[in-house]
Amino acid sequence: MGERAGGKGRGGAGRTPLSRERVIRTAVAVADEKGSAALSMRAIAAPLGVEAMSLYHHVAGRDDILDGMVDAVFGEIDLPPHDTDWKSAMRARALSARAALLRHPWAIGLMDSRSRPGPATLRHHDAVIGALRTAGFSVPMTAHAVSLIDSYLYGFVLQEISLPFSGSAELDEVAGAILHDMPADTYPHLTELATQLVLTPGYDYADEFTFGLARVLDALHPDEDPSGMRPQPQAGEGHGPWG
């Protein structure tokens with residue numbers, strides 16, 4: 001069975017008409033609650049109050065839904081701002097991306113896996129590349145920078161969502177329990193790290209992200225002048241990886 005007459009589903013008159021946007025938004029909510037493995041046409045249709053077959057009037061299938069979900073998450077990530085230097089722009093974008101991925105933990109395994117990227121995905125990547133190119137990164141160095149920044153970003157968030165705590169209070173509880181059961185003289189370096197850092201007031205594991213991100217950005221440098229011409233090396237300088 002499909003939608004009820006008039007396209008209003010089981011809810012009768014007054015129900016918001018079904019649309020691709022509603023299907024994608026509902027799929028994101030289902031994945032946020034249960035994970036992407038729980039996504040099925042029936043699981044998405046249920047909160048919409050329609051039969052699973054009704055979804056096919058608006059999406060081509062599960063892969064089309066996944067494409068839309070990924071695009072929706074990219075749409076939540078702030079584009080690099082234009083009114084600042086490239087490091088600040090990349091930092092702002094990375095912080096926004098981390099926040100979006102923490103809201104949607106299922107997305108990290110899908111973000112760059114789709115072969116049919118949507119407009120928000122393409123706009124996002126184009127803006128990141130454009131910010132680096134405008135700052136004087138050559139095309140090869142831009143590719144290096146994006147790969148390095150995103151590898152750090154995705155890797156950190158993947159580790160972060162796998163940890164057995166969320167927030168400082170839970171970290172204190174977990175670390176304190178481990179420390180309580182751990183002979184200090186057997187694992188002296190773990191004990192030192194826990195007592196002198198992790199369990200001290202004000203420690204926040206999230207600060208590790210900003211520290212590491214700063215080190216990553218400090219390692220990158222534009223290799224062209226703004227006109228797009230690569231600067232010639234000065235006397236005594238090497239030619240770099242492409243010279």
Is there a path from [X] to [Y] through hydrophobic residues (I, L, V, M, F, W, Y) whose side chains come within less than 4.5 Å of each other?
X      : Y      : answer
Leu122 : Leu79  : no
Tyr56  : Ile24  : yes
Ile129 : Val139 : no

Interatomic spacing from [atom1] in [X] to [atom2] in [Y] - rounded to 0.5 Å:
X      : Y      : atom1 : atom2 : result
Leu217 : Lys87  : CG    : NZ    : 7.0 Å
Leu132 : Glu224 : CG    : CD    : 11.5 Å
Ser19  : Leu48  : OG    : CG    : 9.0 Å
Arg93  : Ser88  : CZ    : OG    : 15.0 Å
Met90  : Ile149 : CE    : CD1   : 6.0 Å
Leu101 : Leu158 : CG    : CG    : 10.0 Å

How would you list all residue pairs meeting ring pair (Phe, Tyr, Trp, His ring centres under 6.0 Å) that involve residues 79-100, not counting sequence neighbours?
->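 Qualifying pairs: Trp86-Phe137.
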Per the salt bridge (Lys or Arg N to Asp or Glu O under 4.0 Å) rule, what does the pair list look like for [range], sequence neighbours excluded?
range            : result
residues 25-49   : Glu21-Arg25
residues 117-127 : none
residues 107-119 : Asp63-Arg114, Asp67-Arg114

Answer whether the closest heavy-atom distance between the side chains of Met41 and Val59 falls below 4.5 Å.
->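 Yes, at least one pair of side-chain atoms sits under 4.5 Å.
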Taking C-beta and beyond as the side chain, do Leu55 and Leu18 meet within less than 4.5 Å on heavy atoms?
->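 When only atoms from C-beta onward are counted, Leu18 and Leu55 do touch, with a gap below 4.5 Å.
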Set of side chain to side chain contact (heavy atoms under 4.5 Å, CB included) partners for [X], sequence neighbours left out:
X      : value
Ala27  : Leu39, Ile44, Ile65, Met69
Ala100 : Val73, Glu76, Ile77, Arg103
Pro105 : Ile161
Tyr205 : Phe156, Gln159, Glu160, Leu163, Phe165, Leu171, Tyr203, Glu208

Phe74: ring-ring contact (aromatic ring centres under 6.0 Å, His included) partners, not counting sequence neighbours =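 Scan of Phe74 (ring-ring contact (aromatic ring centres under 6.0 Å, His included), adjacent residues dropped) gives His124, His125.
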Do you know the tightest heavy-atom contact between Leu95 and Phe209?
->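 So the two residues come closest at CD2-CE2, 3.8 Å.
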Work out which heavy atom in Ala43 is nearest to a heavy atom in Pro47; give both atom names and the distance.
->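 What the structure gives for the nearest pair is O-CD, 3.1 Å.
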Can you name the residues that form a salt bridge (charged side-chain N to carboxylate O under 4.0 Å, His left out) with Asp71, not counting sequence neighbours?
->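 Counting only residues at least two positions away or on another chain, Asp71 forms no salt bridge (charged side-chain N to carboxylate O under 4.0 Å, His left out).
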Which residues pass the salt bridge (charged side-chain N to carboxylate O under 4.0 Å, His left out) test with Arg20, sequence neighbours left out?
->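 Scan of Arg20 (salt bridge (charged side-chain N to carboxylate O under 4.0 Å, His left out), adjacent residues dropped) gives Asp64.
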Would you list the atom pairs, donor with acceptor, under 3.5 Å between side chains in residues 190-197 and any protein atom, with sequence neighbours excluded?
from   : atom 1 : to     : atom 2 : distance (Å)
Thr191 : OG1    : Tyr187 : O      : 3.0
Thr195 : OG1    : Thr191 : O      : 2.8
Thr195 : OG1    : Glu192 : O      : 3.3

